[in-house]
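We use all heavy atoms of the structure for the numbers below, so side chains are in, but hydrogens, waters and symmetry mates are not. Naming convention: chains lettered A, B, ... in sequence-line order (proteins, then strands); numbering from 1 in each chain. Everything numeric here is computed off the predicted structure, so don't read it as measured data.
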Protein chains: 4
Amino acid sequence: MSSSVARSERRKKALATVPVDKADPSNEGAESLAEGGRKSILLEVAARQFAKKGFDKTSMRDIAAAFGVLPGSLYHHFNSKDELFIAVYAAGVDRMIDAVAKATENIVDPWDRLEAACVAHLQELLGHENVLAAVLADNSISDGELRKAWAHERGRYEDLLRTLVDAVELNAGVESRYFRLGLLGAINWTLTWYQAGGESPEQIARKLVALFRPLGNPVQFPPL
Amino acid sequence: MSSSVARSERRKKALATVPVDKADPSNEGAESLAEGGRKSILLEVAARQFAKKGFDKTSMRDIAAAFGVLPGSLYHHFNSKDELFIAVYAAGVDRMIDAVAKATENIVDPWDRLEAACVAHLQELLGHENVLAAVLADNSISDGELRKAWAHERGRYEDLLRTLVDAVELNAGVESRYFRLGLLGAINWTLTWYQAGGESPEQIARKLVALFRPLGNPVQFPPL
Amino acid sequence: MSSSVARSERRKKALATVPVDKADPSNEGAESLAEGGRKSILLEVAARQFAKKGFDKTSMRDIAAAFGVLPGSLYHHFNSKDELFIAVYAAGVDRMIDAVAKATENIVDPWDRLEAACVAHLQELLGHENVLAAVLADNSISDGELRKAWAHERGRYEDLLRTLVDAVELNAGVESRYFRLGLLGAINWTLTWYQAGGESPEQIARKLVALFRPLGNPVQFPPL
Amino acid sequence: MSSSVARSERRKKALATVPVDKADPSNEGAESLAEGGRKSILLEVAARQFAKKGFDKTSMRDIAAAFGVLPGSLYHHFNSKDELFIAVYAAGVDRMIDAVAKATENIVDPWDRLEAACVAHLQELLGHENVLAAVLADNSISDGELRKAWAHERGRYEDLLRTLVDAVELNAGVESRYFRLGLLGAINWTLTWYQAGGESPEQIARKLVALFRPLGNPVQFPPL
DNA sequence: TATGAATGAGCATTCATTCAT
DNA sequence: GATGAATGAATGCTCATTCAT
C-alpha cells in the first residue's frame with residue numbers, strides 16, 4: 001500500500017509531461033484517487049500494444065485505434081511516440097518493483113527472499129497477457145534520447161535486484177555480478193521459450209533459481 | 001551432421017574473405033565458375049547490416065547500398081527480404097555449429113565439453129563485430145512464414161546444445177531442460193550487458209558456466 | 001486621421017507595457033474595467049510570434065503557449081487565426097502610421113519630410129526586436145478573405161506614403177508612381193539584408209533616400 | 001551558347017545528387033544533349049509549383065500530382081523536399097545568370113549594361129508564369145541547412161550584380177553598396193505590386209533604373 | 001545481372017478548430 | 001474565460017517490391 005503511493009510519486013517524476021507553462025496544480029489531492037483517468041487508460045492500452053508487437057511494429061495508429069481515437073489525438077496526451085513508450089515502460093518498471101517489494105516484504109532468509117522476488121518477477125513478466133514482457137525485452141530501442149530514458153528506468157529495477165542478490169551467501173569464488181546477470185538472464189530468457197499452458201511462471205521461477213542455489217544451502221549453516 | 005559441416009565449410013570460405021564494400025571486379029572470371037561468389041558476398045554484406053541494426057531496421061536499400069547496387073537488383077538474388085534473412089541466419093547458425101563442433105572435438109569430459117561449447121558460443125556471439133549477435137537475438141521476427149523458417153534454423157543449433165547438456169551429470173532433482181534453458185539464457189543475455197573492453201567473452205563464458213557447475217563435481221562422484 | 005491616431009494611441013499603451021510571457025495576475029482588477037487588457041496582451045504576444053516566424057510557421061499552439069493558455073482558449077478572443085493576424089497587422093500599421101506622422105509633423109520641406117518618414121519607417125521596421133518586420137513583409141498571405149483584409153490595412157499606410165511622395169518635386173520625366181514604389185522597395189528590401197550591429201536603421205534610411213534625391217535638389221530651384 | 005554549357009556544368013556541381021556508390025559515369029557525353037529527361041521535367045514542374053505557392057505551401061503531394069506520379073516516387077529523384085528545392089533554386093539562379101550574361105554581352109557602356117541587366121532580370125522574374133519569382137522572393141526558408149544552400153545560390157547571382165554595379169560611375173558621395181542594394185530592392189519589390197497586363201517588365205525595369213541614373217549621365221561626358 | 005522509374009501502403013507528427021464542462 | 005479532449009485533414013518521408021529496358 002505504501003509502495004503503491006511511492007509508485008505514483010515515482011511515475012509523476014518519470015513522466016514529467018506536457019503542462020505547457022501552466023497554472024499551479026495546488027489541488028492535486030482531488031485527482032490522486034480515481035482520476036488521471038483517460039491518460040492512464042491510454043497508458044494501459046499502449047502497453048498492451050507494445051507488448052504484443054514491440055516498439056517498432058506498434059504504430060501510433062494501432063494505439064489510437066485500440067484507444068478509440070484518431071491518431072492525432074494521442075498527441076494531446078503525449079508529445080511523441082517515444083515519450084509515450086517511456087511512460088509505459090516506467091509504469092511497467094514501477095509495477096515490477098511493487099510486485100517484488102510486496103512479495104519479499106515478510107521474508108527474512110536471503111535465499112528465500114531472492115526466490116520470492118524471482119517468482120514475482122516472472123509472474124509479472126509472463127502473466128497479464130504478457131503486457132510487460134515485450135516492453136522489457138524490447139531491443140529495438142536504439143536511438144539516443146529514447147535509449148537513455150530506457151536505460152534509466154531499467155536501472156531502477158536492477159538496483160533493487162542488486163540489493164537482493166548482495167544479501168545472499170554465494171559459493172566461494174562466485175562473483176556476485178555474474179551471479180546476478182546469469183540469474184537475470186536465465187529468468188528473462190523464458191520470454192523466448194515460455195508457452196502458456198505448460199508449467200506456471202511460479203514453477204519455472206523456482207526451478208531456475210534452484211539451478212543457482214548452492215546445494216545444501218539451507219542445511220549448510222544449520223542453526224545450533 | 002557431416003553434411004551440415006561440409007555445407008558451412010563451403011559457405012565460410014566465401015564469408016571470410018570478403019572486402020567490406022565491393023570486391024574489385026578484376027578477377028571475376030576466376031570465381032564465377034564455382035557457384036556464384038557474388039551471392040555469398042551479398043550474404044556477408046547483408047549479415048553485417050542485419051547485425052548492426054536488426055531485421056526491421058535494416059532496409060533493402062541499406063543492403064543494396066552496402067552491396068553497391070540499386071535496391072531492385074537485390075531481387076535477382078533473393079525473392080524477398082525474408083528469404084534473404086533466412087539465408088543469412090542459416091549461415092550464422094552453420095557458423096555457430098561449426099565453431100562449437102570444432103571447440104569440443106578433442107575434449108572428453110562432459111562438463112569440460114559443455115564449457116568449451118559455451119566459450120565458443122559466446123566468442124562467436126560477441127566477436128566478429130557482433131555480426132551474429134543481433135541476428136540470433138532478434139525477436140522482431142514475428143510473421144508466420146518467416147518465423148517458422150527462423151525457428152527451424154534455431155532448432156538445428158539447439159539440438160546440438162541438447163546433446164552436450166544431456167551428457168552432463170546434474171545435481172539430483174535438476175531437470176535437464178531447465179538446466180539447458182537456464183544456461184542458454186544466462187549466456188545469451190550477455191548481449192544485453194556486454195561491453196567490449198571489459199572481460200573477454202571467454203572469461204565471461206567460463207564464469208557463467210561455473211555458476212551452474214556442481215561445486216565439487218569432478219570430485220563428488222569419483223570413479224571407483 | 002485623428003481618429004486613427006487616437007485609436008492607435010490607446011492600442012500603443014497596451015502594446016508597449018507588456019512583459020514577455022505572462023503578466024502577474026495581481027493587479028488585474030485595475031485594468032479589467034478599461035477595455036479588456038488581456039486582449040491587447042494577446043495581440044502583443046501574437047505580434048512577437050508572427051514577427052519571429054511569419055504567419056504560416058506561427059501556430060496557434062505557439063501563440064497560446066506564449067500567452068500562457070491552451071490553444072482552444074484563444075478562440076474566446078478571436079474567431080480564427082486569420083482574424084487574429086489581421087488585428088495584429090492592423091495594430092502594426094497603426095503604429096507605423098503614428099510613427100511616420102509624429103516624425104514628420106514639424107517639418108515643412110517635402111524632401112526633408114519624406115526623408116524623415118523613411119527614417120521612421122525603417123526604425124519601426126528593423127527595431128523593436130523586428131516585431132513588425134515579418135508581418136509587413138510576409139507574402140504567405142494568399143487566401144482570399146485574409147488577403148483582402150491584409151491589402152486593405154496595407155493600403156492605409158500606402159496612402160500616407162503617397163501623400164508624402166506627391167509633395168516632392170521630382171526630376172523631369174520621373175513618374176511619381178515609380179518613384180514611390182522604387183523607394184518603398186529599396187527601403188523594405190533592407191529586411192532581406194539588414195543585420196543588427198552594422199549601420200543604424202536611421203543611417204541606412206538616409207543613404208537610401210539620398211539615392212533618389214535629385215542631386216542639387218534644394219539648390220536646383222532656388223526661390224527668387 | 002557557351003553560357004549554356006557553363007550553366008549545366010554549374011548545375012551538376014550544385015545538385016550533387018544521389019548516385020549511391022555507383023559505377024563510373026564515363027560516357028557522359030551521350031546524355032548531355034537531350035537526356036536527363038525525367039529529372040529535369042520534374043525540376044520544371046516543381047519550379048512552377050514553388051513559384052505559385054511558395055516553399056512551405058507547396059507539398060510534395062502537389063508536386064507529385066503535377067508530375068503525374070505518387071508522392072513517394074519523388075524520392076527516387078531527390079532525397080528530400082529541401083534538396084529538390086535547392087535544385088530548383090539553383091536552376092533558377094543559373095537561368096538568371098545566363099539571361100543577364102546574354103543581355104549584356106554586346107554592350108559596353110556601364111550604365112547601359114546595368115540597365116540591360118535589370119531588364120533581363122525583371123523579364124526573367126516576372127515572365128514565364130512567374131516561375132522564378134516566388135522562389136527568389138521566398139522568405140520562408142529559415143532552417144539551417146536549407147538556408148545555407150539557399151544563401152549560397154543567391155550569392156552567386158549577387159556577385160554578378162556587384163560586378164555590373166561596380167563598373168558604373170556614381171554621384172559623389174553615393175556608396176556603391178547602398179546603390180546596389182537599393183536598386184535590387186526597387187526591382188525585386190515589383191513582385192509585390194506587379195500585375196500582368198500593365199506595363200511590361202522591360203518598361204518597368206527601365207523606369208526604375210532611371211530613378212537611380214544620375215541626371216545628366218549621358219550628357220556628363222559629351223563626345224567631342 | 002543490373003538500372004531507373006514507379007507503386008501503394010504505411011509512418012510519426014502537426015495543425016486549426018470545436019465543444020462540453 | 002479557460003480547460004481537456006477530440007477531430008479530420010494534411011505533411012514529409014520510408015519501405016518492400018515490380019518491371020520494362
Side-chain angles (χ1 to χ4, degrees), chain A residues 18-20 22-23 35 37-39 42 56-64 67-84, chain B residues 28 32 36 38-39 42 56-64 67-84, chain C residues 28 32 36 38-39 42 56-64 67-84, chain D residues 18-20 22-23 35 37-39 42 56-64 67-84:
Chain A
V18 239
V20 192
K22 301 280 292 303
E35 206 262 345
R38 209 78 183 113
K39 196 156 188 165
L42 169 54
D56 276 338
K57 293 206 180 157
T58 300
S59 72
M60 290 302 264
R61 280 163 172 81
D62 291 338
I63 297 170
F67 190 48
V69 129
L70 291 187
S73 305
L74 294 179
Y75 292 82
H76 179 61
H77 304 282
F78 294 94
N79 291 323
S80 69
K81 190 186 177 187
D82 284 11
E83 208 172 82
L84 171 53
Chain B
E28 268 187 317
S32 70
R38 195 104 177 97
K39 195 158 185 166
L42 170 52
D56 276 340
K57 293 203 179 160
T58 300
S59 71
M60 291 300 264
R61 277 165 176 76
D62 292 337
I63 297 169
F67 190 47
V69 125
L70 290 189
S73 305
L74 293 180
Y75 291 82
H76 287 292
H77 304 282
F78 293 94
N79 292 320
S80 70
K81 191 185 177 186
D82 285 9
E83 212 169 80
L84 170 54
Chain C
E28 269 187 317
S32 70
R38 196 104 175 98
K39 194 157 185 167
L42 170 52
D56 276 340
K57 293 203 179 160
T58 300
S59 71
M60 291 300 265
R61 278 165 176 77
D62 291 337
I63 297 170
F67 190 48
V69 126
L70 290 190
S73 306
L74 294 178
Y75 290 82
H76 287 293
H77 304 282
F78 294 93
N79 292 320
S80 70
K81 190 187 177 186
D82 285 9
E83 212 169 80
L84 171 55
Chain D
V18 240
V20 192
K22 302 279 294 302
E35 206 262 345
R38 210 77 182 112
K39 196 156 188 166
L42 170 54
D56 276 339
K57 294 205 179 159
T58 300
S59 71
M60 291 302 265
R61 279 162 174 82
D62 291 338
I63 296 170
F67 190 47
V69 127
L70 292 187
S73 305
L74 295 179
Y75 293 82
H76 178 62
H77 304 281
F78 294 94
N79 291 322
S80 69
K81 189 186 178 187
D82 283 11
E83 207 173 84
L84 171 53

Length of the CG-P vector between D:Leu42 and E:dA5, whole Å
11 Å
By nearest-nucleotide position on DNA chain F, the 5'-leaning member of A:Gly68 and D:Asp56 is A:Gly68
In short, B:Phe67 meets B:His77 closest at the heavy-atom pair CE2-NE2, 4.2 Å
Provide, to the nearest angstrom, the distance between the CD1 atom belonging to C:Ile63 and the P atom belonging to E:dC15.
11 Å
Residue pair A:Val69, A:Arg38: steps toward the side-chain contact (heavy atoms from CB on, under 4.5 Å) verdict:
CA-CA 12 Å; A:Val69 129; A:Arg38 209 78 183 113; 4.3 Å; yes
Given Watson-Crick or G-U pairs with both distances under 3.5 Å, what dot-bracket string fits DNA chain F, with | for other-strand pairs and [ ] for crossing?
.||||||||||||||||||||
List the residues meeting side-chain contact (heavy atoms from CB on, under 4.5 Å) with C:Asp62, not counting sequence neighbours, and say none if there are none.
C:Gln49, C:Lys53, C:Thr58, C:Ser59
On DNA chain F, check which nucleotide each of C:Leu74 and A:Leu70 is closest to and give me the residue with the more 5' one.
C:Leu74
Return the polar atom pairs (N/O with N/O) between nucleotides 17-21 of chain E and the protein under 3.5 Å, or none.
from   : atom 1 : to      : atom 2 : distance (Å)
E:dT17 : OP2    : C:Tyr75 : OH     : 2.8
E:dT17 : OP2    : C:Lys81 : N      : 2.9
E:dT17 : O5'    : C:Tyr75 : OH     : 3.4

Using the test salt bridge (Lys or Arg N to Asp or Glu O under 4.0 Å), find all partners of D:Asp56 that sit at least two apart in sequence or belong to another chain.
C:Lys57
Look at A:His77 and F:dA6 and indicate whether a side-chain polar atom (N or O) is within less than 4.0 Å of OP1 or OP2.
yes
Which whole-number value in Å describes the distance from A:Lys39 NZ to F:dA5 C1'?
12 Å
Go through it in stages, so that I can follow the logic: the residues are A:Leu84 and A:Asn79, the test is side-chain contact (heavy atoms from CB on, under 4.5 Å), and I'd like the CA-CA distance, side-chain angles, deciding distance and then a yes or no.
CA-CA 8 Å; A:Leu84 171 53; A:Asn79 291 323; over 6 Å; no
For E:dC11, does either OP1 or OP2 sit under 4.0 Å from a side-chain N or O belonging to A:Ser59?
yes
Verdict with reasoning, C:Glu83 to C:Ser80, per side-chain contact (heavy atoms from CB on, under 4.5 Å)
CA-CA 5 Å; C:Glu83 212 169 80; C:Ser80 70; 3.5 Å; yes
Test of understanding: with side-chain contact (heavy atoms from CB on, under 4.5 Å), list the residues that count as partners of B:Tyr75, not counting sequence neighbours.
B:Met60
Over all heavy atoms of both residues, which pair between B:Leu70 and B:Ala64 is shortest? Give the atoms and the distance, please.
C-CB, 3.8 Å
